[in-house]
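These numbers come from the heavy atoms of this one structure, side chains and all, not from hydrogens, waters or symmetry mates.
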Amino acid sequence: MAVEPLSQKEIEERLAELPGWSADGGRLTRTYRLASHFAAAALVVHIARIQDELDHHSDLTLGYHSVALAVTTHSAGGALTEKDFTLARKVEDIAPGHDAH
C-alpha cells in the first residue's frame, strides 16, 4: 500500500499538536534533553521498540544527555507522511519530562 506525502498545510496542522517537533528539510525532527546519559540510552531503547512495532524507523542519535530523532518516509520519496507523525506521537507518549532544544 502506497503512503501518500502530506501537504504543507497538513504538516503544519500536525506540528501544532507536537510542541518541540519541527519539519526540517523533509524530515520531522526533535531533540530530547535528559537528566543523564543512562536516561538518554534508556529512551533510545524504548524508541527502538516503538519503531519496530510500527515498522517505521528514524535516524536516532544518542548524545551525552540527549536523544535526537529525524524521521521521513523513504517509500514516499523522502516526504513526510502520516507514518512519521504517528511515530512522533508515540515517542511523545513515552518521553519523560524534558526541555526541547
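Residues Glu4 and Glu82 are not in side-chain contact: their nearest non-hydrogen atoms beyond the backbone lie 4.5 Å or more apart. Residues Thr86 and Lys90 have side chains in contact (heavy-atom distance under 4.5 Å, counting atoms from C-beta outward). Contact annotation: the side chain of Leu6 approaches that of Arg14 to within less than 4.5 Å [non-hydrogen atoms, C-beta and beyond].
Minimum heavy-atom separation, His57 to Val71: O-CG2, 4.3 Å. Between His65 and Ala35, the shortest heavy-atom contact is CE1-O, 3.3 Å. Looking at every heavy atom in both residues, Leu34 comes nearest to Ala39 through CD2-O, 3.9 Å. The minimum heavy-atom distance between Glu10 and Pro5, with the atom names listed, is OE1-O, 4.5 Å. Nearest heavy atom pair, residue Ala41 against residue Leu62, reads N-CD1, 3.7 Å.
The side chain to side chain donor-acceptor pair (under 3.5 Å) search around Ser22 returns Thr29, not counting sequence neighbours.
Rounded to the nearest 0.5 Å, atoms CG (Leu28) and CG (Leu87) are 8.0 Å apart. Rounding to the nearest 0.5 angstrom, the gap separating the CD1 atom in Ile50 from the CD1 atom in Ile94 is 4.0 Å. In this structure, NE2 on His46 lies 13.5 Å from CD on Gln51, to the nearest 0.5 angstrom. Here CG of Leu69 is found 8.0 Å from OG1 of Thr61. Values are rounded to the nearest 0.5 Å. Rounded to the nearest 0.5 Å, atoms CZ (Phe38) and CG (Leu43) are 12.0 Å apart. Distance check: Leu80 CG to Leu15 CG gives 8.0 Å after rounding to the nearest 0.5 Å.
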Checklist line | Stepwise salt bridge (Lys or Arg N to Asp or Glu O under 4.0 Å) test for Glu92 and Arg30 | finding: CA-CA 10 Å; Glu92 280 296 301; Arg30 171 81 194 232; 3.2 Å; yes
Next item on the list: Please test Lys83 against Leu54 for side chain to side chain contact (heavy atoms under 4.5 Å, CB included), starting from the C-alpha separation and ending with a verdict.
Entry: CA-CA 8 Å; Lys83 290 176 77 168; Leu54 295 175; over 6 Å; no
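The side chain to side chain donor-acceptor pair (under 3.5 Å) analysis of residues 68-80, with sequence neighbours excluded, yields the pairs Thr73-Thr81, Thr73-Asp84.
Relative orientation of the Tyr64 and His37 rings is parallel, given thresholds of 30° and 60° on the angle between their planes.
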